[in-house]
Amino acid sequence: MNKKLNASLLQEVIHEAYEKCKDDKGGANASYIPYLANIPSGLFGISVCLANGQIVEVGDTSYVFGIESISKVPTALLVMEQSGPHAVLEKIGADATGLPFNSIMAILLEKDHPSTPLVNSGAISACSMVQPTGDADKKWAAITDFLTALCGSKLTLIDELYKSESDTNFNNKSIAWLLKNYGRIYDDPDLSLDLYTRQCSMGVTARQLSIAGGTIACDGINPITKAQVFKAGLAPHIVSLIATVGFYEHTGDWLYTSGIPAKTGVGGGILGVLPGVMGIAAFAPPLDGAGNSVKAQKAIKYITNKLGINIFGHNHYEIE
Ligand code: GLN
């Protein structure tokens, strides 16, 4: 039997989640990027974008924060759109690493394969694949235009965050050049790394992220603007990547307990996708040891469990 999901039921459940999680003191802001260490830790918001375009939200959903690793999702999609899903599989891969997002050991263990566009190595590799090769300005325009279409409104670069990351991204520099060593970067390594650093420094709101999730949930049709942002048929590929590695070394625990594919960023955001039904985003800066927002995880888990939503079960949902 189909379960009914409507905006008022969701409103009730996300408010419950907000109340239950808002005073949680677990985790700490990312400290390895100085800008992120100084964001007010108490910020907290949850936004849901239903497939029919209704938005349900609570808390700080219009606060602009660093998108960070969630930016790996749109760029992977852009590369699939430009070069086809097979190119991503061939040139980067679709495997979980089971290791931290910035792991160099993962590259060494894979023996020349970045493994997935949703960890740093594969994401730098994905930036290198964005067309047109060699033209940083046009590549950047392609990345930002795609982000705008996916979220349904413009995102802006947080200059201070970009500077902060560029001044401290020594590990990512090593990754870019190690990929070069293995023939797994497809444009200039410094250019590719700079694009990656810039995309991570884009400012986004929880509302925009929920709309991005809604667009993926609707197989490329933005539920707000109704634009076809990417080819129908790519959504299952990106959702499979998100499900496989969205929480890095904690991805299995996350799927086991939440039942929903989701991608995190060290800015404190989480973007979840329930295909055909909704995109969900939550934001709260303090992170656990793997770099995933503590409160945002708790809130999304509360919501999916309370509603009985799970991509692995025989659940079907109708939006009323
Ligand atoms: N820009 C960050 C980095 O490269 C993104 C990491 C993340 O959000 N997990 O370290």
Side-chain angles (χ1 to χ4, degrees), residues 27-39 64-76 92 96-107 114-128 140 143 147 155 157-179 185 189-204 206 209 212 241-242 244-251 254 262-272 281-297:
N29 285 28
S31 57
Y32 76 104
I33 299 171
Y35 174 90
L36 297 178
N38 297 321
I39 301 293
V64 177
F65 60 95
I67 189 170
E68 294 296 346
S69 277
I70 302 170
S71 67
K72 290 165 178 159
V73 171
T75 301
I92 302 176
T97 59
L99 288 165
F101 57 82
N102 55 2
S103 176
I104 285 179
M105 192 165 72
I107 307 171
S115 83
T116 166
L118 301 194
V119 299
N120 291 17
S121 56
I124 297 167
S125 198
C127 286
S128 79
W140 179 239
I143 290 171
L147 260 174
L155 276 66
L157 187 75
I158 305 175
D159 291 314
E160 213 186 316
L161 176 56
Y162 174 50
K163 186 173 181 336
S164 190
E165 288 215 36
S166 300
D167 288 347
T168 53
N169 64 350
F170 312 115
N171 189 84
N172 287 341
K173 280 187 181 136
S174 314
I175 289 176
W177 282 95
L178 196 56
L179 292 172
I185 197 153
D190 291 326
L191 178 156
S192 308
L193 175 63
D194 182 57
L195 286 171
Y196 168 77
T197 310
R198 266 196 271 173
Q199 73 175 30
C200 287
S201 308
M202 289 300 269
V204 73
L209 280 183
L241 294 176
I242 296 171
T244 304
V245 75
F247 274 64
Y248 313 112
E249 66 270 41
H250 290 174
T251 304
W254 167 258
K263 179 77 200 81
T264 69
V266 291
I270 299 183
L271 162 66
F283 157 65
L287 311 175
D288 66 14
N292 304 321
S293 168
V294 173
K295 253 190 249 185
Q297 286 184 64

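Indexing begins at 1, ligand by ligand and atom by atom, following the structure's order. Just so it is clear, the structure is predicted and the values come from calculations on it, not from any experiment. For this chain, numbers begin at 1 and follow the sequence in order.
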Undergrad: So, does Gln297 use its side chain to make a donor-acceptor pair with the main chain of Ser293 at under 3.5 Å?
TA: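 Yes, the answer is positive, given that a donor and an acceptor are paired below the 3.5 Å cut-off.
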Undergrad: Tell me which part of Val266 gets within contact of ligand 1: side chain, backbone, both or neither, using heavy atoms under 4.0 Å.
TA: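 The answer is both, backbone and side chain.
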Undergrad: Would you say ligand 1 has an N or O under 3.5 Å from any N or O of Ser69?
TA: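 Yes; at least one N/O pair falls below 3.5 Å.
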Undergrad: Please confirm whether the backbone N or O of Ser125 pairs with a side-chain atom of Ser128, one donor and one acceptor, at under 3.5 Å?
TA: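 Yes.
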Undergrad: Under 4.0 Å between a side-chain nitrogen and a carboxylate oxygen: does that hold for Asp194 and Arg198?
TA: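 Yes.
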Undergrad: Hey, which atoms in ligand 1 end up nearer than 4.0 Å to a heavy atom of Tyr196?
TA: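 Contacts of ligand 1 toward Tyr196, numbered from 1: 1 (N), 2 (C), 3 (C), 4 (O), 5 (C).
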Undergrad: Before signing off on this row, confirm whether Lys72 and ligand 1 have an N or O atom pair separated by under 3.5 Å.
TA: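 The answer is no, given that Lys72 and ligand 1 share no N or O pair closer than 3.5 Å.
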Undergrad: Without hydrogens or angle criteria, can the side chains of Tyr248 and Asn292 be said to hold a donor-acceptor pair below 3.5 Å?
TA: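 Result is no, nothing qualifies.
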Undergrad: Looking only at protein heavy atoms, identify the closest one to atom 2 (C) of ligand 1 and say how far it is in Å.
TA: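 The closest one turns out to be Glu68 OE1, 3.1 Å.
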Undergrad: How far is atom 3 (C) of ligand 1 from its nearest protein heavy atom, and which residue and atom is that?
TA: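 Protein heavy atom at minimum distance: Tyr32 OH, 3.3 Å.
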Undergrad: Would you say the side-chain atoms of Asn29 pair up with the backbone N or O of Ile39, donor to acceptor, closer than 3.5 Å?
TA: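 Flag set: sc Asn29 to bb Ile39 pair under 3.5 Å.
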Undergrad: Within less than 4.0 angstrom of ligand 1, does Asn172 place any heavy atom?
TA: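 A heavy atom of Asn172 does come that close to ligand 1.
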Undergrad: Going by the order shown, which atoms of ligand 1 are within less than 4.0 Å of some heavy atom of Gly265?
TA: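 Near Gly265, meaning under 4.0 Å from one of its heavy atoms, ligand 1 has 8 (O).
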Undergrad: Would you please classify the geometry between the Phe283 ring and the Phe65 ring as parallel, tilted or perpendicular, with 30° and 60° separating the classes?
TA: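 Plane angle under 30°, so parallel.
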Undergrad: So, using ring pair (Phe, Tyr, Trp, His ring centres under 6.0 Å) as the criterion, who are the partners of Phe247 when residues are at least two apart?
TA: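 Result, ring pair (Phe, Tyr, Trp, His ring centres under 6.0 Å) vs Phe247: Trp254.
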Undergrad: Taking heavy atoms and a distance under 4.0 Å, where does Cys200 meet ligand 1: side chain, backbone, both or neither?
TA: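 It is the side chain that gets close, since no backbone atom is under 4.0 Å.
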Undergrad: Closer than 4.0 Å to some heavy atom of Glu165 - which atoms of ligand 1 meet that?
TA: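 Result: 1 (N), 2 (C).
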